[in-house]
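Scroll down for the structure; my scribbles are underneath it.
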Amino acid sequence: MKIWVDADACPVAIKEILFRAAERTNLQLILVANHSMHVPPSRFIRMLQVESGFDVADNEIVKRLTAGDLVITSDIPLAAEVIEKAGQVLSPRGELYTADNIGARLSMRDFMDTLRSSGIDTGGPSAMSQSDRKTFAGHLDKLLK
């Protein structure tokens with residue numbers, strides 16, 4: 001198993017948890033982003049910089065992942081593509097996306113997008129809480145065992 005991170009929008013606190021997990025489990029952790037970012041020196045952690053552009057990082061993750069790999073993302077369409085390729089998906093807030101729940105998540109995402117495009121302010125996600133970090137770390141540990 002490899003761990004792929006949709007790193008452009010991944011919170012720093014979650015990246016730190018992932019860095020420690022990669023070292024602890026000796027699993028490859030690949031952060032994919034359209035800009036350079038610092039990663040700690042490690043034989044298990046690397047940065048893959050892709051060109052700027054809509055969904056370029058997402059497409060690169062889908063192209064490279066294999067069945068059973070884990071992808072960290074809050075991007076619902078990316079999560080759906082990963083699940084189609086038999087990958088596992090965990091959001092930075094600790095929500096596990098599965099074949100059973102991704103359809104509902106996609107529908108809700110599309111509904112919210114429609115509201116926003118019609119001028120309705122739907123607000124944004126709340127700030128990442130300590131509880132979110134704990135939930136993420138707990139689910140990550142279960143997935144990596």
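Since the model is a prediction, treat every value here as computed from it, not as a measurement. For this chain, numbers begin at 1 and follow the sequence in order.
- Between the side chain of Gln49 and the main chain of Ala33, no donor-acceptor pair closer than 3.5 Å is present.
- Residue Val62 comes nearest to Lys85 through the heavy atom pair O-NZ, 2.6 Å, listed as atom of the first residue, atom of the second, then distance.
- Atom CE of Met1 sits in a crowded spot, with more than 12 heavy atoms from other residues, nucleotides or ligands closer than 6.0 Å.
- Taken to the nearest 0.5 Å, the CH2 atom of Trp4 stands 14.0 Å off from the CG atom of Leu18.
- The minimum heavy-atom distance linking Leu65 with Gly87 is given by the pair CD1-CA, 4.4 Å.
- Counting heavy atoms from C-beta on, the side chains of Leu70 and Leu140 come closer than 4.5 Å.
- Side chains of Tyr97 and Leu106 form no contact here, defined as non-hydrogen atoms less than 4.5 Å apart.
- Between the CD atom in Gln130 and the NZ atom in Lys134 there is a gap of 7.5 Å [rounded to 0.5 Å].
- Applying the side chain to side chain donor-acceptor pair (under 3.5 Å) test to pairs two or more places apart or on separate chains, those with a residue in residues 25-39 are Asp8-His35.
- Nearest heavy atoms, Pro40 versus Ile45: CG-CD1, 3.9 Å.
- Note that CG of Leu48 and CD1 of Ile61 are 8.5 Å apart. Values are rounded to the nearest 0.5 Å.
- Between Asp6 atom CG and Ser91 atom OG the span is 12.0 Å, to the nearest 0.5 Å.
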Candidate pair Asp55 and Leu78, rule side-chain contact (heavy atoms from CB on, under 4.5 Å), full reasoning: CA-CA 9 Å; Asp55 286 343; Leu78 172 58; over 6 Å; no
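- Here the closest heavy-atom approach between residue Arg133 and residue Ala13 is recorded as CD-CB, 3.4 Å.
- Considering CD1 of Ile30 and CE of Met47, their distance stands at 11.5 Å, rounded to 0.5 Å.
- Summarising the geometry of Pro92 relative to Pro11, their closest heavy-atom pair is CB-CD, 3.8 Å, with the distance given to 0.1 Å.
- Side-chain contact check for Leu144 versus Ile3: some heavy-atom pair is nearer than 4.5 Å.
- Residue pairs that meet the salt bridge (Lys or Arg N to Asp or Glu O under 4.0 Å) test with at least one member in residues 13-39, sequence neighbours left out, are Arg24-Asp141.
- Under the 4.5 Å side-chain heavy-atom criterion for ILVMFWY residues, a single connected hydrophobic cluster contains both Met37 and Met128.
- In this structure a side-chain-to-backbone donor-acceptor pair under 3.5 Å is present from Asn101 to Leu96.
- With rounding to the nearest 0.5 angstrom, the NE2 atom of His139 is 11.5 Å from the CD1 atom of Ile72.
- Residues Val82 and Val5 do not share a hydrophobic cluster, defined by chaining ILVMFWY side chains whose heavy atoms lie under 4.5 Å apart.
- When only modelled atom types and interatomic distance are considered, Asp132 and Thr135 share no side-chain donor-acceptor pair under 3.5 Å.
- Smallest separation of non-hydrogen atoms from Phe19 and Leu29: CD2-CD2, 3.6 Å.
- A salt bridge is defined here as a Lys NZ or Arg NE, NH1 or NH2 lying under 4.0 Å from an Asp or Glu carboxylate O, and Asp69 with Lys2 fails to meet this definition.
- Residues Leu143 and Leu31 are members of one and the same hydrophobic cluster, defined by side-chain heavy-atom contacts under 4.5 angstrom among Ile, Leu, Val, Met, Phe, Trp and Tyr.
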